[in-house]
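Presented below is the structure to which this report refers.
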Amino acid sequence: MPELPEVEVVRSGLAPALVDATVSAVTVHDARALTRHPGSVEDFEHALRGARVVAVCRRGKFLWMPFTPTDGSDTARAVVAHLGMSGQMLLRASGAPVERHERIRLDIDHPDHGALAVVFADQRTFGSLALDPLLPTTDAAPGGFGADDATVPAQVAHIARDPLDPALDETRLRTLWARKRSAIKRVLLDQTVISGVGNIYADEALWGARIHPETPADALSARHATRLLAEVRSVLDKALAEGGTSFDAQYVNVNGQAGYFAHSLNAYGRGGEPCPRCDGELRREAFMNRSSHYCPRCQRRR
DNA sequence: CCCATCCCCTGTATGC
DNA sequence: TGCATACAGGGGATGG
């Protein structure tokens, strides 16, 4: 469910409690939350117990937390988290009751904040935690937001940098867009081209740039591509400032609170309603097993 | 290689 | 009320 703004809200909420904290206990309630973990459940628990968290980082929709090894091995590893459609990372008081859909709990001790519980809860179980080795980035820039060294977890290496990353290679992005014949919306959702954009913000950015979602990416002019990237950044920035988009209790910050950006959506979820810009009727149609929302009047097919 | 389809899973809303 | 169906913000595997 969560896209870049929602994941960034979680990252920034976790960081003050997790950086410099030591993991005192690991409880795996449901092994399905470790399907992406390359080792066993026991390996996950054992490697994390006693580890000290060094940073909380994000690229696109992926989170990771590098930690100091406890077993004397020299391979640096990180806890990688992906929230999937319904994952939550919650900060709770130590000993707080088990949450609904709780899959994994990390008990931590922080030098300033004392004992806390970090709960990974996930209704639909598309999300996961994993331990993964850290690899050097190919461009020698920091791995992501919140990272101070040039490494990314192996599982994140194929994910492109996101629109808010200062190290995003815009030339590469424009080259990829200019080469792809697929619909621009599909390309926006391709996390190996640019990361962090999901169904909501793809629809919002295309609405903002007045581009029809089925426009072939290679048919976009340089001017359109510039406008689209600016709209992507703008909508992600605004959503982040509002604490993200919450339609229901699924997306919440680390304290269980909803964001406010759902009130600011112009196209997403508004099929049949008037376009806020031109008063035409917004349309909702099936797209890639999901839905696209756009205004056929001011987002003309070219 | 590129692209489109299908799959994983659970809960809620809707229609018959 | 009960049941079936569609749908939901994700990524990855797997075919053509």
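Numbered from 1 within each chain, the chains take letters A, B, ... in sequence-line order.
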Base, sugar-phosphate or nothing for R284(A)? Non-hydrogen atoms, less than 4.0 Å.
sugar-phosphate

In whole angstroms, the gap separating P of dG9(C) from CG of L189(A) amounts to 10 Å

Q) Is R290(A) side chain donor-acceptor paired with the dG10(C) base, going by distance under 3.5 Å alone? A) yes

Quiz item: For dC3(B), does OP1 or OP2 lie under 4.0 Å from any side-chain N or O of K180(A)?
Solution: yes

Scanning all shown strands, the Watson-Crick or wobble mate of dT5(C) with both distances under 3.5 Å is dA13(B)

Practice problem: Would you classify N289(A) as touching base, sugar-phosphate or nothing, given that sugar-phosphate means primed atoms plus P, OP1 and OP2, and contacts are heavy atoms under 4.0 Å? | Solution: base

In whole Å, measure the gap between the P atoms of dG9(C) and dC3(B) for me. 23 Å

Atom CD of Q123(A) and atom C1' of dC8(B) are separated, to the nearest Å, by 14 Å

Q.
Below the 4.0 Å mark, does dG11(C) have OP1 or OP2 next to a side-chain nitrogen or oxygen of K61(A)?
A. yes

Of dT5(B), dG11(B), dC3(B), the nucleotide closest to the side chain of H101(A) is dG11(B)

Between CE of M85(A) and P of dC7(C) the distance, given in whole Å, is 13 Å

L188(A) atom CG is separated from dG10(C) atom P, nearest whole Å, by 12 Å

Point to revise | Candidate pair R32(A) and R103(A), rule side chain to side chain contact (heavy atoms under 4.5 Å, CB included), full reasoning | key: CA-CA 8 Å; R32(A) 290 177 301 173; R103(A) 309 295 181 198; 3.8 Å; yes

**Prompt:** If you look at every strand shown and take non-hydrogen atoms under 4.0 Å, does S291(A) touch a base, only sugar-phosphate, or nothing?
**Reply:** sugar-phosphate

*Answer yes or no on whether R59(A) is positioned over the face of F62(A), meaning its NZ or CZ is under 6.0 Å from the six-membered ring centre and within 45° of the axis.*
no

Whole-Å distance, I200(A) CD1 to dC7(C) P, equals 17 Å

request  = Would you mind checking if D203(A) and K185(A) are paired as a salt bridge, meaning a charged N to carboxylate O distance below 4.0 Å?
outcome  = yes

Between F62(A) and Y268(A), the residue closer to the 5' end of DNA chain C by nearest nucleotide is Y268(A)

The Watson-Crick or G-U wobble partner of dG15(C), with both key distances under 3.5 Å, is dC3(B)

Practice problem: Classify the nucleic acid contact of R32(A) as base, sugar-phosphate or nothing, counting any heavy atom under 4.0 Å across all strands shown. | Solution: sugar-phosphate

Here the distance between atom C1' of dC3(B) and atom CD of Q191(A), to the nearest Å, is 16 Å

Near-parallel close stack of F126(A) and dC9(B) base (under 5.5 Å, under 30°): no

Here the distance between atom C1' of dG9(C) and atom NE2 of H293(A), to the nearest Å, is 11 Å

Taken to the nearest whole Å, CG/D122(A) to C1'/dG11(B) is 12 Å

**Item:** Separation between the P atoms of dT14(C) and dC9(B), rounded to whole Å
**Value:** 16 Å

| Is the shortest side-chain N/O distance from S182(A) to OP1 or OP2 of dA4(B) below 4.0 Å? | yes

Assign each of R186(A) and R100(A) the nucleotide of DNA chain B bearing its closest heavy atom; nearer the 5' end lies the nucleotide of R186(A)

Between the CH2 atom in W207(A) and the CZ atom in R277(A), the distance rounded to the nearest 0.5 Å is 4.0 Å

Item to complete: Look at R36(A) together with D132(A) and state whether they make a salt bridge at an N to O cut-off of under 4.0 Å.
Response: no

inquiry  = Aromatic contact between F247(A) and Y268(A), with the criterion being ring centroids under 6.0 Å apart: yes or no?
reply    = yes

